[in-house]
Amino acid sequence: MPLCTQTVHQLHAQLKNREITSTQIVASVFDRIKQVDDKIGGYLTLTEESAFEAAAAVDQRFERGEDLAKLAGIPVAIKDVICTHGIRTTCGSKILSNFVPPYDATVMKKLKSQGAITIGKTNMDEFAMGSSTENSAFQPTRNPWNLETIPGGSSGGSAAVVSADAAILSLGSDTGGSIRQPAALCGNVGMKPTYGRISRFGLIAFASSLDQIGPFTKDVEDCAIALNALCGHDIMDSTSAQVDVPNFEQSLVNDLQGLKIGLPSEYFVEGIDPEVETAVHQAIAKLEELGATIHNISMPHTEYAIATYYIIAPAEASANLARYDGVRFGYRSEEAEDLTSMYKQSRSQGFGEEVKRRIMLGTYSLSSGYYDAYYLKAQQVRTLIKQDFDQAFETVDLIVTPTSPTPAFKLGDRTADPLQMYLSDIFTAPSSLAGMPGISIPCGLTKNRLPIGLQILAPPFEEGKLLQAAYTFEQNTDHHLHRPEL
Amino acid sequence: MSKISLEDVQHIANLARLTFNEQEMESYQHQLSRILDYIEKLNQLDTEGVPPTSHVIPIRNVMKPDEKRDLFQREDITANAPSTEQGYFEVPKVIE
């Protein structure tokens with residue numbers, strides 16, 4: 001089995017026994033990248049030279065008999081929204097096309113301290129705004145399962161390269177579903193931890209009250225390994241949570257006895273693709289067979305989540321993106337004659353269409369006279385959405401839903417209608433607004449061989465319960481073993 | 001349905017420091033109106049007395065020790081600037 005197709009835990013066992021080297025893993029992954037990335041367009045930047053240097057250094061440490069972390073010597077791909085010291089970080093935008101961060105995000109420091117190998121930066125919707133990765137200023141990314149379809153978004157590159165074996169694992173970011181939805185559409189495991197679980201320092205801001213970093217992996221065990229490496233309080237992120245981080249690998253228990261799973265009726269509504277609905281119901285039957293009890297619940301404010309999200313996220317984005325003014329970093333228009341026109345020209349030429357649309361929407365809803373009607377109203381509805389979750393978790397341990405209402409759609413299918421694209425996040429946005437952790441795991445393929453994702457949601461800081469349920473499902477099914485033919 | 005006028009679009013664009021041509025303005029007018037129409041559905045809910053949620057975890061005024069830390073050198077910071085002079089960011093003339 002080629003090294004690039006294996007999981008972190010499989011590779012770590014072989015590295016530890018000195019059966020293989022990190023250099024061999026990195027070589028296998030770069031061979032694969034050269035073979036497939038022209039077709040999928042998952043990477044914006046590759047760091048081959050520094051990857052081999054880092055691998056050689058890790059190999060020396062293994063040779064000396066050092067006991068290294070699970071991610072030591074493992075190739076990781078990084079969504080281009082995360083700042084990497086000395087490595088171009090574009091956020092998928094023309095406005096940052098030449099930006100080279102002078103510092104590492106906290107997650108990069110954590111990965112480096114584990115000895116993980118950064119192999120490149122992955123494509124994304126510009127500023128993480130989108131659900132298909134078609135909003136990248138540089139290229140679209142294609143779904144490895146069917147090159148005519150999108151990989152989901154906004155972390156489409158990170159999802160696609162893991163499914164294509166062009167990375168062992170990757171990092172993404174999730175604001176309204178940008179990890180879980182592409183993980184579902186590309187058929188791998190994607191986790192959005194609780195808001196505050198992972199430091200956002202060095203994550204280029206989109207909507208600060210929603211943004212979270214999380215991993216894409218080939219199985220649930222790798223997800224637990226990645227979380228162990230990434231989680232924890234950070235003094236550099238004042239919103240990072242001061243809560244203990246358990247050893248998530250201890251949650252990898254093949255047992256669901258006594259676990260109460262809620263099925264919210266609002267997530268099983270008209271408009272879901274029938275094949276998605278069937279696969280999710282089969283998965284639920286499997287969870288029940290494995291010992292969980294299933295409870296019908298109601299979360300009445302679910303249908304208001306997208307409207308709430310599209311007030312709050314663009315409002316925060318309009319403020320966060322005010323920093324792109326052509327002064328300290330990023331693109332500057334050469335045409336301007338005075339300061340104000342320099343701001344306007346630089347921003348208008350540097351930002352893409354969807355980013356400008358959201359800045360306009362956010363500026364409108366925050367502007368004088370409209371604040372109460374839109375922003376305040378949305379924050380109040382956000383409270384109601386959060387209360388739905390709080391009440392549900394009084395009676396159940398976990399909530400199970402489809403991750404996405406449809407499998408991957410064709411490139412170009414939803415670009416003409418922004419609202420249609422926004423509705424891709426209908427099942428992921430509510431938990432984002434409530435700050436809850438969620439995971440998407442593979443639960444089947446359509447007859448056209450497109451992956452279907454199962455979403456599991458837990459109360460804040462209960463990622464361990466998510467992992468236990470996901471792990472038990474995975475141990476008793478083979479959906480996660482399917483691979484695209486490329 | 002067009003609850004946003006072209007003048008509104010012009011006004012918001014100015015606030016957001018963006019410029020658009022006429023065709024783009026009309027396109028934004030149409031798209032923003034359609035999105036706001038959808039968002040209108042929030043008004044079906046009575047939110048009288050519901051406290052707003054700005055942050056899901058209740059955090060207030062996070063403090064950290066007021067200590068000097070050397071995070072960056074000046075040249076590391078200015079390296080990404082489109083234009084610098086003598087270690088400063090350079091911009092077009094501000095005052096006539």
Side-chain angles (χ1 to χ4, degrees), chain A residues 98-100 102-103 194-196 209 235 238-239 241 301 303-304 306-308 310-311 318 322 325-332 336-345 347-348 351 356-357 359-361 363-364 367 374 376-384 386 418-419 422 433-435 460, chain B residues 4 8-9 11-21 24 27-28 31-32 34-57 59 61-65 71-73 75-84 89-96:
Chain A
N98 295 315
F99 178 64
V100 180
Y103 69 105
T194 311
Y195 181 84
S209 78
I235 195 171
S238 60
T239 60
H301 299 97
E303 66 167 301
Y304 300 100
I306 291 291
T308 305
Y310 278 95
I311 290 294
S318 72
D325 55 8
V327 175
R328 293 150 299 157
F329 44 74
Y331 173 81
R332 176 187 289 191
E337 286 152 14
D338 57 36
L339 195 61
T340 306
S341 75
M342 188 199 81
Y343 294 152
K344 287 185 175 177
Q345 299 288 349
R347 291 164 62 78
S348 299
F351 287 135
K356 286 190 266 194
R357 184 154 43 239
I359 291 174
M360 291 288 284
L361 188 57
T363 305
Y364 178 76
S367 65
Y374 290 108
L376 184 65
K377 181 82 184 181
Q379 284 192 316
Q380 289 176 311
V381 179
R382 187 177 187 178
T383 303
L384 298 176
K386 187 168 182 299
L419 194 54
Y422 297 172
L433 288 164
Chain B
I4 290 196
D8 289 335
V9 177
H11 173 62
I12 305 159
N14 183 49
L15 291 175
R17 294 290 185 256
L18 291 167
T19 54
F20 299 110
N21 63 33
E24 289 171 322
S27 163
Y28 276 110
Q31 289 174 343
L32 294 179
R34 198 164 120 69
I35 295 165
L36 290 170
D37 277 348
Y38 177 77
I39 284 166
E40 281 297 314
K41 82 190 265 131
L42 295 184
N43 290 328
Q44 296 165 2
L45 291 172
D46 179 9
T47 51
E48 183 77 39
V50 176
T53 292
S54 57
H55 250 268
V56 283
I57 40 179
I59 292 181
N61 298 342
V62 178
M63 304 293 183
K64 60 184 170 193
L71 289 175
F72 300 106
Q73 299 297 315
E75 49 272 28
D76 294 339
I77 294 297
T78 53
N80 278 297
S83 180
T84 59
F89 298 116
E90 190 182 35
V91 294
K93 198 168 169 184
V94 183
I95 303 163
E96 285 305 322

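Chain letters run A, B, ... following the sequence lines, proteins first, then strands; residues in each count from 1.
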[X] side chain to [Y] backbone, donor-acceptor under 3.5 Å:
X: Thr53(B); Y: Arg382(A); answer: no
X: Arg17(B); Y: Tyr343(A); answer: no
X: Arg347(A); Y: Ala16(B); answer: yes

Would a 4.5 Å heavy-atom cut-off, applied to side chains only, mark [X] and [Y] as touching?
X: Ile235(A); Y: Pro65(B); value: yes
X: Asn80(B); Y: Arg328(A); value: no
X: Ile12(B); Y: Ile359(A); value: no
X: Tyr304(A); Y: Leu45(B); value: yes
X: Tyr374(A); Y: Leu36(B); value: yes
X: Ile57(B); Y: Pro460(A); value: no
X: Tyr364(A); Y: Ile4(B); value: yes
X: Glu337(A); Y: Pro92(B); value: no

Region of [X] in contact with chain B, defined by heavy-atom distances below 4.5 Å:
X: Ala434(A); value: backbone
X: Ser209(A); value: both
X: Thr308(A); value: both
X: Met342(A); value: side chain
X: Thr239(A); value: both

Segment of [X] engaging chain A (4.5 angstrom heavy-atom cut-off):
X: Val94(B); answer: side chain
X: Glu90(B); answer: backbone
X: Val56(B); answer: both

With rounding to the nearest 0.5 Å, note down the distance linking [atom1] in [X] to [atom2] in [Y].
X: Asn43(B); Y: Lys377(A); atom1: CG; atom2: NZ; result: 5.0 Å
X: Tyr422(A); Y: Ile35(B); atom1: OH; atom2: CD1; result: 4.0 Å
X: Asp46(B); Y: Leu384(A); atom1: CG; atom2: CG; result: 9.5 Å

Heavy-atom pairs under 4.5 Å with chain A are the metric here; pick the option from [options] that has the most.
options: Pro52(B), Ser54(B), Pro51(B); answer: Pro52(B)
options: Lys93(B), Gln73(B), Gln31(B), Glu24(B); answer: Gln31(B)
options: Leu32(B), Val62(B), Asp76(B), Leu42(B); answer: Leu42(B)

I'd like to verify something: which residue of Lys356(A), His301(A), Lys386(A) has the highest number of heavy-atom pairs under 4.5 Å with chain B?
Lys356(A)

Report the option among Asp338(A), Asp325(A), Val327(A) that has the most heavy-atom pairs separated by less than 4.5 Å from atoms of chain B.
Val327(A)

Considering residues at least two apart in sequence or located in another chain, which fulfil the side-chain contact (heavy atoms from CB on, under 4.5 Å) criterion with Glu303(A)?
Lys41(B)

For Asp8(B), all residues meeting salt bridge (charged side-chain N to carboxylate O under 4.0 Å, His left out), sequence neighbours excluded
none

If you draw a 6.0 Å radius around CD in Glu75(B), do more than 12 non-hydrogen atoms from other residues or ligands fall strictly inside?
yes

List the atom of [X], the atom of [Y], and the distance in Å for their closest heavy-atom pair.
X: Phe329(A); Y: Pro82(B); answer: N-CD, 4.1 Å
X: Asn14(B); Y: Lys344(A); answer: OD1-NZ, 2.7 Å
X: Gln380(A); Y: Thr47(B); answer: OE1-OG1, 3.1 Å

